[in-house]
Colleague: 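Supplied in structure tokens, the structure appears directly below.
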Amino acid sequence: KAALLNPATHAVDILQDAENPWQPIDFIAHFDGNGHVVSYAGDQPLFETLSGSASNFVLDGWNDDNVTEITGIPKDFGLVARKLLKGEISGVTLRNYNLAVSNSAGNFTIGAICGLAGDNSTIRSCTVEDSVLISIRMCTAGGIVGATTMSSSWNEGADVNLLDIRSCTNNASITTWFSGTGVVVGGIVGRCNSFDSIRRPVIVVSNCVNTANIGSDYAKDDVVGNFAGIVGERNANDAGNSGVLFIQDCTNRGDIQPQGPSGSNYAGIIAYQWRLGLIFIERCRNYGKIGGDVCMSGSPVTDGSSGGIVGYLKELYNEQYVCISDTANYGDVVGAANAGGFVAFASANGGHGDTRLTLTNCANYGSVSVVLPEGFGGQMIGNFNAALADGPKRVYGAWNCFFVSNEFIGNNAGTTFNFVNCHTPQDSGYSASLARKALSAYAEANDYEPWVLGKIGDQVYPELGIFCQKPCVCGLMLLLR
């Protein structure tokens with residue numbers, strides 16, 4: 001099909017009509033938009049499987065004074081590429097699209113940029129503007145990528161099979177509009193699947209920002225799934241393997257709102273993880289409100305878990321690490337049954353010999369509350385529903401952290417947690433300046449991010465310097481920084 005350059009506007013129009021619609025093809029070359037606006041009102045991706053690269057253009061759906069509505073979306077959809085495999089998408093901006101998914105198949109995926117992203121691929125410096133709307137039924141959706149998919153036979157000789165998603169911003173609201181279970185939504189990536197090994201492949205999501213709310217336009221009460229500002233969920237294969245996931249320098253600013261009254265998991269960074277694999281969350285922060293006491297239909301919530309950083313960790317398993325460092329939650333957290341400033345709920349499998357759940361150099365400033373009288377809420381974890389015997393390879397706890405209360409764990413079924421150099425305003429002799437000094441000394445000795453005094457709301461607290469937006473300048477406290 002043809003594309004026409006308008007010399008007056010420097011816009012590229014993709015020419016199509018009812019008899020000759022755009023048909024995407026597999027593409028292995030390089031498409032450089034050179035900063036042009038590509039006007040495209042079609043209902044198919046630009047590319048089918050992209051194994052080359054596409055870069056430096058704006059994809060605009062403005063058509064006859066209106067946005068382009070795409071309602072009959074087929075399985076696995078992204079506006080730039082249906083699939084990205086050993087390719088790259090960079091410097092692309094999307095605007096003026098309304099993506100409405102009517103498909104009810106649970107394995108259906110949609111990402112505004114790319115439907116499925118696979119091995120040895122990169123998506124970087126892409127933006128989805130707030131003129132893009134995504135509304136889904138029972139499927140998986142991501143503001144940038146719908147889902148990751150790693151090949152069934154990774155290269156044994158390679159150090160990693162890397163999927164790199166970085167410096168991307170999603171401003172498109174994502175809403176559910178019909179009933180369904182198994183719904184998955186992430187502001188950046190819907191679902192991260194990376195199979196074949198405990199330690200490979202590797203997925204890195206870094207320097208990404210979600211500003212959009214994730215909610216529901218549905219007036220009934222049967223929407224159930226996993227919803228988060230950065231990654232919706234991550235699963236293992238039948239052998240329990242899920243590789244390594246790094247989430248680094250990411251920020252969620254959107255509210256993650258209750259979809260239905262029961263059974264869902266909500267989080268600022270990642271809502272759900274099952275089984276074996278490594279997760280490292282580093283230098284991330286959440287500002288959005290997570291969860292709530294009333295779902296979008298107006299009904300009260302009756303079940304579910306909300307975490308400022310992580311929602312539900314299901315079956316911590318042998319050689320699974322969940323390590324969170326230099327990370328802060330600023331958003332209020334409300335869970336029906338479980339709520340945590342960092343992790344809402346965690347359970348363990350019988351084969352849990354070498355497992356870790358650690359916070360290092362972290363802070364929670366948000367309030368934590370549960371709706372049900374029998375619910376559990378805690379600054380670090382709402383509910384740790386496993387009694388694990390002590391062992392040299394089992395490491396659980398928080399090191400060099402600040403919490404706004406000393407209720408670290410809402411419910412602990414019997415596992416030993418270590419809390420080392422953790423500070424709260426309830427400590428005897430507490431002062432913000434002395435706590436900051438102690439936190440900074442530990443951080444400096446162990447090569448973590450330094451602490452300053454910051455003003456959060458109307459309170460002065462120790463705060464990680466990389467996140468501080470309102471430095472405290474009151475009296476002698478300035479000198480103590």
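All values below were derived from every heavy atom in this structure, side-chain atoms included, with hydrogens, water molecules and symmetry-related copies excluded.
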Colleague: Please name the pair of heavy atoms, one in A172 and one in V132, separated by the smallest distance, quoted to 0.1 Å.
Modeller: CB-O, 3.1 Å

Colleague: Quick one, T360 with I324, criterion side chain to side chain contact (heavy atoms under 4.5 Å, CB included). Give me CA distance, side-chain angles, the key distance, then yes/no.
Modeller: CA-CA 6 Å; T360 309; I324 305 172; over 6 Å; no

Colleague: How far does OG1 of T327 sit from CD of E282, to the nearest 0.5 angstrom?
Modeller: 8.0 Å

Colleague: Determine whether a donor-acceptor pair (N or O, by modelled atom type, separation under 3.5 Å) exists between the side chain of N170 and the backbone of G187.
Modeller: yes

Colleague: Are side-chain heavy atoms of L453 and S433 found at a separation under 4.5 Å?
Modeller: yes

Colleague: Could you go step by step and tell me if L313 and V343 meet the side chain to side chain contact (heavy atoms under 4.5 Å, CB included) rule?
Modeller: CA-CA 8 Å; L313 296 173; V343 179; 4.0 Å; yes

Colleague: Might you point out which heavy atoms bring N400 and L439 nearest each other, and give the distance in Å?
Modeller: ND2-O, 3.0 Å

Colleague: Is there a side-chain contact between L464 and R285 in this structure, where contact means two heavy atoms from C-beta onward sitting under 4.5 Å apart?
Modeller: no

Colleague: Please report the shortest heavy-atom distance between V322 and Q320, naming the atom on each side.
Modeller: CG2-NE2, 4.0 Å

Colleague: Please assess N171 against D130 for the test side-chain hydrogen bond (donor to acceptor under 3.5 Å, both in side chains), listing each intermediate value before the final yes or no.
Modeller: CA-CA 5 Å; N171 302 300; D130 60 6; over 6 Å; no

Colleague: Just wondering, do Y272 and R234 contact through their side chains at under 4.5 Å, heavy atoms?
Modeller: no

Colleague: Tell me whether N361 contacts the main-chain N or O of E449 through its side chain, where contact means a donor paired with an acceptor under 3.5 Å.
Modeller: yes

Colleague: Hydrogens and angles aside, do R394 and Y396 bring a side-chain donor and acceptor to less than 3.5 Å of each other?
Modeller: no

Colleague: What do you reckon, is CD of Q248 surrounded by more than 12 foreign heavy atoms closer than 6.0 Å?
Modeller: yes

Colleague: Give me the atom names and distance for the closest heavy-atom approach of F227 to S264.
Modeller: CE1-OG, 3.8 Å

Colleague: When you look at V145 and I123, which way does the side chain to side chain contact (heavy atoms under 4.5 Å, CB included) test go after all the steps?
Modeller: CA-CA 9 Å; V145 178; I123 300 175; 3.3 Å; yes

Colleague: Can you tell which of N383, D303, N265 makes a side-chain hydrogen bond (donor to acceptor under 3.5 Å, both in side chains) with N338?
Modeller: N383

Colleague: In Å and rounded to the nearest 0.5 Å, what is the CD1 to SG distance from I144 to C126?
Modeller: 6.5 Å

Colleague: Go through the steps to decide whether S206 and D249 satisfy the test side-chain hydrogen bond (donor to acceptor under 3.5 Å, both in side chains), and finish with yes or no.
Modeller: CA-CA 6 Å; S206 62; D249 303 289; over 6 Å; no

Colleague: Does the side chain of V334 reach to within under 4.5 Å of the side chain of V371, using non-hydrogen atoms?
Modeller: yes

Colleague: Is a donor on one side and an acceptor on the other found under 3.5 Å between the side chain of R356 and the backbone of V395?
Modeller: no

Colleague: Do the side chains of L163 and V204 get nearer than 4.5 Å, heavy atoms only?
Modeller: no

Colleague: Would you please classify the geometry between the F345 ring and the Y312 ring as parallel, tilted or perpendicular, with 30° and 60° separating the classes?
Modeller: tilted

Colleague: Hey, does the side chain of S347 reach the backbone of L316 with a donor-acceptor pair shorter than 3.5 angstrom?
Modeller: no

Colleague: Quick one: does T109's side chain have a donor or acceptor within less than 3.5 Å of a partner on G146's backbone?
Modeller: no

Colleague: Measure the shortest side-chain to side-chain distance between I203 and L162 over non-hydrogen atoms and say whether it is less than 4.5 angstrom.
Modeller: no

Colleague: If I take atom CG from residue N385 and atom CG from residue N411, how far apart are they, to the nearest 0.5 angstrom?
Modeller: 6.5 Å

Colleague: Which is it for T122 and R166 under the side chain to side chain contact (heavy atoms under 4.5 Å, CB included) test, yes or no, and what are the steps along the way?
Modeller: CA-CA 8 Å; T122 298; R166 54 189 161 100; 4.2 Å; yes

Colleague: Is the count of non-hydrogen atoms from other residues, nucleotides or ligands lying under 6.0 Å from Q426 atom CD greater than 12?
Modeller: yes

Colleague: Looking at V404, is its backbone amide N or carbonyl O close enough to the side chain of Q379 to form a donor-acceptor pair, meaning the two atoms are under 3.5 Å apart?
Modeller: yes

Colleague: Test your reading of the model: is there a side-chain donor-acceptor pair from S440 to the backbone of W451, 3.5 Å cut-off?
Modeller: yes

Colleague: Please walk me through it: do E463 and Y330 pass side-chain hydrogen bond (donor to acceptor under 3.5 Å, both in side chains)?
Modeller: CA-CA 11 Å; E463 186 177 15; Y330 294 82; 2.6 Å; yes

Colleague: Please check: side-chain N/O of D427 versus main-chain N/O of Y430, any donor-acceptor pairing under 3.5 Å?
Modeller: no

Colleague: Can you tell me how far OH of Y448 sits from CH2 of W399, rounded to the nearest 0.5 angstrom?
Modeller: 9.5 Å

Colleague: Under a 3.5 Å distance rule, please check whether N364 uses its side chain to pair with a backbone N or O of G366 as donor and acceptor.
Modeller: yes

Colleague: If only side-chain N and O atoms count, and only distance matters, is there a donor-acceptor pair under 3.5 Å linking S167 with R124?
Modeller: no

Colleague: Mind checking the CZ-SG spacing from F280 to C323? Nearest 0.5 Å is all I need.
Modeller: 5.0 Å

Colleague: Between A413 and A386, which heavy-atom pair has the shortest distance, and what is it?
Modeller: CB-N, 3.5 Å

Colleague: Do V205 and F246 come within less than 4.5 Å of each other through their side chains, counting heavy atoms only?
Modeller: no

Colleague: A336 and V301: which non-hydrogen atoms are nearest, and at how many Å?
Modeller: CB-CG2, 3.7 Å

Colleague: As an exercise, state the distance from CD1 of I165 to CD1 of I188, rounded to the nearest 0.5 Å.
Modeller: 8.5 Å

Colleague: Please test F417 against F384 for ring-ring contact (aromatic ring centres under 6.0 Å, His included), starting from the C-alpha separation and ending with a verdict.
Modeller: CA-CA 10 Å; F417 276 77; F384 193 83; 5.1 Å; yes

Colleague: Please assess T211 against R253 for the test side-chain hydrogen bond (donor to acceptor under 3.5 Å, both in side chains), listing each intermediate value before the final yes or no.
Modeller: CA-CA 5 Å; T211 68; R253 296 185 180 275; over 6 Å; no

Colleague: Identify whether the distance between the nearest side-chain nitrogen and carboxylate oxygen of D255 and K289 falls below 4.0 Å.
Modeller: no

Colleague: Are any side-chain N or O atoms of S121 and backbone N or O atoms of D119, one a donor and one an acceptor, separated by less than 3.5 Å?
Modeller: yes

Colleague: Below 4.5 Å, heavy atoms only, C-beta onward: do N329 and F403 meet side chain to side chain?
Modeller: no

